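Working notes, beginning with the structure itself.
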Amino acid sequence: MDITLLGTGCPAVHTERYGAGQLIRHSEIGDGAQGETQILIDCGSGVTQRLVGAGSSGAKLDAILLTHLHSDHVIDVYQVIVSAWHQGRTTPQRIFGPTGTRKFIEGLMAVWREELDLRIKHERRPSTEALEMDITEVKAGERLEFGDVVVDVIAVDHQPIDPAFGFIFSVAGTKIALSGDTTYCPALIEASQGVDLLVHEVFVHREMHVVEGVRSAETIEAVAGYHTLSDEVGKVATQAGVGCLLLTHIVPPDSNRDDLLAEVKKSFTGPVLVGEDLMRVDPVSKTVSYGAARLSYA
Ligand SMILES: [Zn+2]
Ligand SMILES: [Zn+2]
């Protein structure tokens, strides 16, 4: 089992850090082989392009999990659905998310119904099954299974967004925890004890400046209030005793990487990776793939 960061950004538009998205892949046989499980978590802006860039596509997904219904995590849900149909998908998309997911997805499909019906009629593709939705609303504490991959749903603290989830993915003793969007969250630390890899969001306070007409000091404090600060996230990793910390959902997306790494290293002595779009991390072999580079953190 490994994880690919599809988008490491946030609502702020950035050309290197796209909107939130991660891909979990697990294969008993090997990459691309039959029996591979692929789970997409969140559908931020640009996720369909990043899926293809990662060697996947909406047609290959076993499930889509939504951490919460903030726009930067769901804005491209429809794009995933309709492009999967164009990519030859022949089964309904299975979508799992918090309460409100059904209303959101059904509303989204209703908005596009007229255009979609015209397209279906005109394009005469062999199947329209990919445009059927299989929606499941889940609650914190639930356990989901996709092939060999077990997913535990964790309640995180992203008030006033409630519920908001983190997820723990487990296969044969290997665990990857994904924070979703959360402030410092004891429940997540508890659930992440000893995981091989913690993929965690981060808010870099010193990089957020008041911009006349864009954001006030109050805006910055409000946004900081429901995220995990860069001087806290290393402590989270230490308290959870994780094997490696991978940072994503980097706010603001143009935060200085060297400063962020140096700050987080102060409170976590294990490996820290500042995530990039299309970075793939395998916590079993402790390998990072980024572009043509292969790095070991063992
Ligand atoms: Zn959020
Ligand atoms: Zn977010």
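Both ligands and their constituent atoms are indexed starting at 1 by order of listing. Only a predicted model underlies this, so the values are computations on that prediction, with no experimental measurement involved. One-based numbering along the sequence shown.
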Got a sec: is [X] within less than 2.8 Å of the Zn ion (ligand 2) via an N/O/S atom?
X    : answer
H73  : yes
H249 : yes
E201 : no

- Query: Is the closest side-chain donor-acceptor distance between H205 and D231 under 3.5 Å?
  - Reply: no
- Looking only at side chains, do D254 and H14 share a donor and an acceptor under 3.5 Å apart? no
- Item | Nearest to the Zn ion (ligand 2) - the N/O/S atom of D72, by atom name | OD2
- Message: As a test of reading the structure, name the N/O/S atom of D181 that is nearest the Zn ion (ligand 2).
- Response: OD2
- If you look at every heavy atom in A164 and D181, which pair is closest and at what distance? CB-O, 4.4 Å
- Message: To check you understand the geometry: which heavy-atom pair defines the closest contact between L245 and H200, and what is its length?
- Response: CD1-CB, 3.9 Å
- Item | Option from D196, V242, I24 for which side chain to side chain contact (heavy atoms under 4.5 Å, CB included) with I176 holds | I24
- Message: If you take the centroid of each ring, where Trp contributes its six-membered ring, are F96 and F167 closer together than 6.0 Å?
- Response: no
- Query: Considering only N, O or S atoms, which atom of H70 is nearest to the Zn ion (ligand 1)?
  - Reply: ND1
- Message: With carbon and hydrogen excluded and only N/O/S kept, which atom of H158 is nearest the Zn ion (ligand 1)?
- Response: NE2
